[in-house]
Amino acid sequence: MPLSKDVKDQIIAEYATHEGDTGSPEVQIAVLSRRISDLTEHLKFHKHDHHSRRGLMILVGRRRNMLGYLKSVEPLKHEVGTCYRCHTTIEPMVSKQWFVKMEPLAKPAIESVEKGEIKFVPERFTKNYMNWMKNTRDWCISRQLWWGHQIPAWYCDDCGETVVAKSAPCACPKCGSAKLTQDPDTLDTWFSSALWPFSTLGWPNEESEDLKYFYPTNTLVTGYDIIGFWVSRMIFSGLAYTGKAPFSTVCIHGIVRDSQGRKMSKSLGNGIDPLEVIAQYGADALRFMLVDGSTPGNDMRYIEKKVEAARNFANKLWNATRFVLMNLPEDFTPGLPSEDKLDMSDKWVLTKLNQVAGAMTDNLDHYEMGLAAAKINSFIWDVYCDWFIEIAKPRLNSGDAEQADTARRVLVYVLDKALKLLHPFMPFITEELYQALPGSAETIMTQSWPTFDEAHNWADEEEAFEKVMDYIKAVRTMRTEMNVHPAKKTSMIIETADAAPFQKAQVYLAKFAFATDVTFTEKYEGSTDGMVQVSTHAARGFIPMMELIDRDKELARLNKEKAKAEKEMAMFANQLNNPKFVERAPAALVEDIRNKYAKSQDKLANIEQSIKALG
């Protein structure tokens, strides 16, 4: 590659004036070689200088070739790095760099994890950390950047002495010269970041109140891609400077990728601007989408439909709260009524709330944020909004003041607890709605976290009410499949061995199962002509609706239900017939599967009876 004219002129002039120049090719090459480094340093800040530097190197090679030093020439293909912005060729240049000797730092950091003083969640990421620390090399901390912490090293311009100090020295300790120049390099970003756990709390002042109170902390939450770059360096820096590990637990999350599973990057142009998403859907929706269903250490995809679903969930909660507030009198006083005033549905929803509070607490203790978010989502949407609010409406409008007051108190109590459980995931809407509730404190952030309370655990009432719910769901599903209009109501006969829950829930059967009147029996032996039958594990209903439907369609529906029940029963049977599952699975899970299997057997038997009755 040709040299530029100004570089050629400079080289010729320096050759002609170099002291002791004999004019021989060997001396000329030696002189030229010595000057390349100086010229390269001189040229490196000028545009297109890489062309001049390469010309210098080619010239030296040609000179040596003329002297017979070159043995052979072989064309090679190789990769040449270029700047991703301006596409200029990147050429390496040897220069002095500052390093951190890693061996004495890595040893205590490895031991801290091996002893269990620091644990990774999920545990599998311990291996990533150990691989990095046990194979680490001395760490280059010099960076040629215009920003960052400038390296605290000064060089004497007169004697060349190097001085490293906490503050700028006034004079060289060796020769006394005041001509000192600070190293222009900055510290590696990760070096500065490694000091974060304690440097932000008043360190190196060991008596700092913040340092005493907050250091060490308990949990670090970060991504798996910077375990080596950041986590490991915080650990060995904390141990080296303070003698304490900076945290006891490292919770690892995955990377948010685009909808195609690709890592977001500038070059692909697939990044998401969170401010734009927040402007469209709200910060709570974006936060909830990122945590709902996520699992520690695993990547997730950004899907806009999921953000929209989270926004819809927020709207559902907002409207539910509005409904509750609209039904409160001005003199309403919050607080649960005495247990004797609670009906079956109240105890059911309070038990469900109690269970979800206990389950979420356990999830969060094990860093299962995605499971915790999914549980409170399901409770608010399915249990509170879709069922309990609808169940409470007949009592609110019944004219019975005591029943209406009980319904209001339970509605407000459950909503208050649900907002507190949701608050870590959707802080803004929960704070806003909490402030609107009667009896609310200054902020939801300082309120106690709801926990499991055995006094609010009514397992019998929960099971009884769910029998009623299952029956109502079966009736509504049947009517939907047969396109029966909601305005068409009929009487019904319920065959069940446990009639008490259904008798207590007649008001709900009338409203939600469209029953005009209900008869209960342990064994129905009457005519099934003109009857449509619905079956659950606890009951069988006989509904005179044949004049409204087609018999063949009803038979097809029952056969479809039968196939579904058989599939469920087979699935549970396969699990229970697997010795490894029975031996290794938690006892509670095995017992739950056994109960589900028994219920599926009862349901299948009821469906088969219904098919037989149709002939």
Side-chain angles (χ1 to χ4, degrees), residues 37 40-41 44 78-84 89-120 122-155 162-166 182-199 203 216 220 222-255 263 265 297:
S37 294
T40 302
E41 184 69 22
K44 70 178 180 180
H78 66 108
E79 294 182 359
V80 178
T82 59
C83 175
Y84 79 96
T89 300
I90 296 174
E91 299 203 25
M93 183 181 71
V94 177
S95 63
K96 290 183 178 180
Q97 307 280 295
W98 287 90
F99 286 77
V100 173
K101 189 172 182 60
M102 284 303 303
E103 185 178 354
L105 295 172
K107 185 178 179 181
I110 292 170
E111 291 175 352
S112 185
V113 174
E114 288 178 336
K115 292 176 182 177
E117 296 171 355
I118 300 174
K119 67 175 182 178
F120 283 79
E123 197 275 334
R124 68 179 186 271
F125 287 102
T126 304
K127 184 177 180 181
N128 299 47
Y129 172 83
M130 288 299 187
N131 286 342
W132 178 277
M133 294 305 295
K134 290 181 178 180
N135 296 288
T136 190
R137 299 180 180 180
D138 289 344
W139 176 19
C140 176
I141 58 171
S142 292
R143 294 293 181 271
Q144 292 72 50
L145 299 172
W146 293 112
W147 56 88
H149 294 137
Q150 193 169 354
I151 289 177
W154 287 262
Y155 306 107
T162 300
V163 183
V164 177
K166 291 182 178 179
Q182 187 173 0
D183 194 311
D185 289 356
T186 61
L187 292 168
D188 177 15
T189 299
W190 298 114
F191 185 96
S192 300
S193 300
L195 309 178
W196 171 82
F198 48 88
S199 64
W203 182 87
L220 170 74
T222 188
Y224 61 75
D225 53 333
I226 54 174
I227 289 175
F229 295 134
W230 191 38
V231 178
S232 65
R233 288 162 178 169
M234 280 194 286
I235 292 174
F236 69 65
S237 296
L239 291 169
Y241 291 118
T242 71
K244 301 176 184 176
F247 30 74
S248 57
T249 302
V250 183
C251 180
I252 300 296
H253 59 71
I255 296 172
K263 192 171 183 179
S265 67

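Since the model is a prediction, treat every value here as computed from it, not as a measurement. All values below come from the heavy atoms of this structure, side chains included, with hydrogens, waters and symmetry mates left out.
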Rounded to the nearest 0.5 Å, what separates atom [atom1] in [X] from atom [atom2] in [Y]?
| X | Y | atom1 | atom2 | answer |
| --- | --- | --- | --- | --- |
| Ser192 | Ile141 | OG | CD1 | 9.0 Å |
| Glu111 | Leu239 | CD | CG | 9.5 Å |
| Ile255 | Lys263 | CD1 | NZ | 4.5 Å |
| Thr222 | Ile252 | OG1 | CD1 | 6.0 Å |
| Leu105 | Ser232 | CG | OG | 10.5 Å |

Can you confirm whether more than 12 heavy atoms, excluding those of [X], are under 6.0 Å from its [atom1] atom?
| X | atom1 | result |
| --- | --- | --- |
| Phe229 | CZ | no |
| Glu103 | CD | no |
| Tyr155 | OH | yes |

Decide yes or no for [X] and [Y]: does some side-chain heavy atom of the first lie under 4.5 Å from some side-chain heavy atom of the second?
| X | Y | value |
| --- | --- | --- |
| Ile227 | Phe120 | yes |
| Asp183 | Trp98 | yes |
| Lys119 | Val250 | no |
| Arg233 | Trp196 | no |

Provide the closest heavy-atom pair for [X] versus [Y] in the form atom of the first, atom of the second, distance.
| X | Y | value |
| --- | --- | --- |
| Ile110 | Met130 | O-CE, 3.6 Å |
| Ile118 | Phe247 | CG1-O, 3.4 Å |
| Ile151 | Ser142 | CD1-OG, 3.5 Å |
| Thr186 | Leu145 | CG2-O, 3.6 Å |
| Met133 | Ala109 | CE-CB, 3.9 Å |
| Thr136 | Ala106 | CG2-CB, 4.1 Å |

Report the relative orientation of the aromatic rings in [X] and [Y]; use parallel for angles under 30°, tilted for 30 to 60°, perpendicular for over 60°.
| X | Y | value |
| --- | --- | --- |
| Phe125 | Tyr224 | parallel |
| Tyr241 | Phe198 | tilted |
| Trp139 | Phe191 | tilted |

- Message: We want to know whether Gln97 and Ser95 form a side-chain donor-acceptor pair, criterion being a heavy-atom distance below 3.5 angstrom.
- Response: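 Present: a donor and an acceptor within the cut-off.
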
- Query: Do any pairs count as a salt bridge (Lys or Arg N to Asp or Glu O under 4.0 Å) and have a residue in residues 138-151, sequence neighbours left out, and if so which ones?
  - Reply: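 Found Arg143-Asp188.
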
- Please answer whether the main-chain N or O of Glu117 pairs with a side-chain N or O of Ser112 as donor and acceptor at a distance below 3.5 Å.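 Checked: no pair found.
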
